[in-house]
Amino acid sequence: MALAAVDIALWDLLAKSQGVPLWKMLFDQAEPPGLEAYNTNAGWLNNPVEKVVAGCLRSLDEGFKGVKIKVGSKNPEDDLERIEAVRKAIGPHCRLMIDGNGRWDLATAKKFAPKVDDYDLFWFEEPLYFDDLNSHIDLAKYMRTPIALGEQLYSKHHFDAFMRADAVKYVQPDALRLAGISEWLTVADEAHKAGLPVVPHVGDMMQVHRHLSFAHPSSALLEYIPWTQHCFEEPAIVRDGRFLLPEAPGAGTTLKAEALADFGKALA
Ligand SMILES: [Mg+2]
């Protein structure tokens with residue numbers, strides 16, 4: 001992660017030195033295809049189900065075509081109730097993803113897989129402990145719902161192992177957790193060769209990853225968590241369910257002076 005900070009800063013400098021946004025430097029055509037956003041911000045596990053349902057409906061009103069909710073309650077039956085309530089409220093045409101953050105064990109996941117499959121989910125993210133490759137291989141054979149993961153894989157070799165074993169369908173590399181943009185591009189290219197969609201995890205609150213998704217042929221969908229927009233000169237903005245194409249030179253990492261001063265104070 002320390003290497004990532006240096007690597008991203010260098011890509012940012014390179015793009016700025018050429019006077020272009022990073023996506024344009026990586027993408028050799030004038031206008032990339034659009035980038036759809038799905039909203040992660042409506043479905044946190046500590047919110048009661050009514051609040052999650054209301055947030056998902058609000059997301060649809062705002063133009064999102066997909067929402068993600070967290071699962072991993074002490075009682076998996078509670079998770080199924082949440083999924084059912086949201087699916088009923090949003091209807092059959094909106095993408096619905098669930099994210100377990102690795103809280104289920106293999107026995108639980110296998111027991112509930114047929115029920116999870118009933119809700120036409122776009123993916124089940126991190127159903128199991130993040131680097132338990134063998135259990136993911138087992139579950140992938142058992143569950144029709146595709147598996148998404150990658151936010152806790154910290155090297156291209158780790159991604160290779162999951163991709164080679166058919167233990168992941170939606171590949172979620174994060175440039176802040178790999179060794180930066182350079183290793184992210186290697187992982188995304190490997191996913192592309194394997195025919196797997198890349199849907200990055202956004203440890204950066206989309207600032208860098210919107211550039212990477214706009215530029216990469218395997219990435220047409222990106223999650224949305226709007227927690228740090230006030231900190232950046234050119235925040236990541238979604239309108240009617242799609243990311244705006246960044247225009248400022250660089251990788252989207254330029255902090256506003258106030259934010260830099262505030263964080264500087266916090267570190268001092
Ligand atoms: Mg996640």
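Hydrogens, waters and symmetry mates are skipped; everything else that's a heavy atom, side chains included, is used. Order of listing sets the numbers, starting from 1, for every ligand and every atom in it.
- Below the 2.8 Å limit, the Mg ion (ligand 1) has as protein N, O or S neighbours Asp99 OD2, Glu125 OE2, Glu151 OE1.
- Within the 6.0 Å centre-distance limit, the rings of Trp227 and Trp44 are counted as a close aromatic pair.
- Counting heavy-atom neighbours within 6.0 Å of Lys111 NZ, excluding the residue itself, gives a total of 12 or less.
- Taking the six-membered ring wherever Trp is involved, the centroid distance between the rings of Trp123 and Tyr38 falls below 6.0 Å.
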* Trp104 and Phe112: CA distance, side-chain angles, deciding distance, ring pair (Phe, Tyr, Trp, His ring centres under 6.0 Å) verdict -> CA-CA 10 Å; Trp104 282 9; Phe112 286 93; 5.7 Å; yes
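- Phe64 pairs with exactly one of Ser59, Cys94, Cys56 by the side-chain contact (heavy atoms from CB on, under 4.5 Å) rule, that one being Ser59.
- Centroid-to-centroid, the aromatic rings of Phe159 and Trp184 stay 6.0 Å apart or farther.
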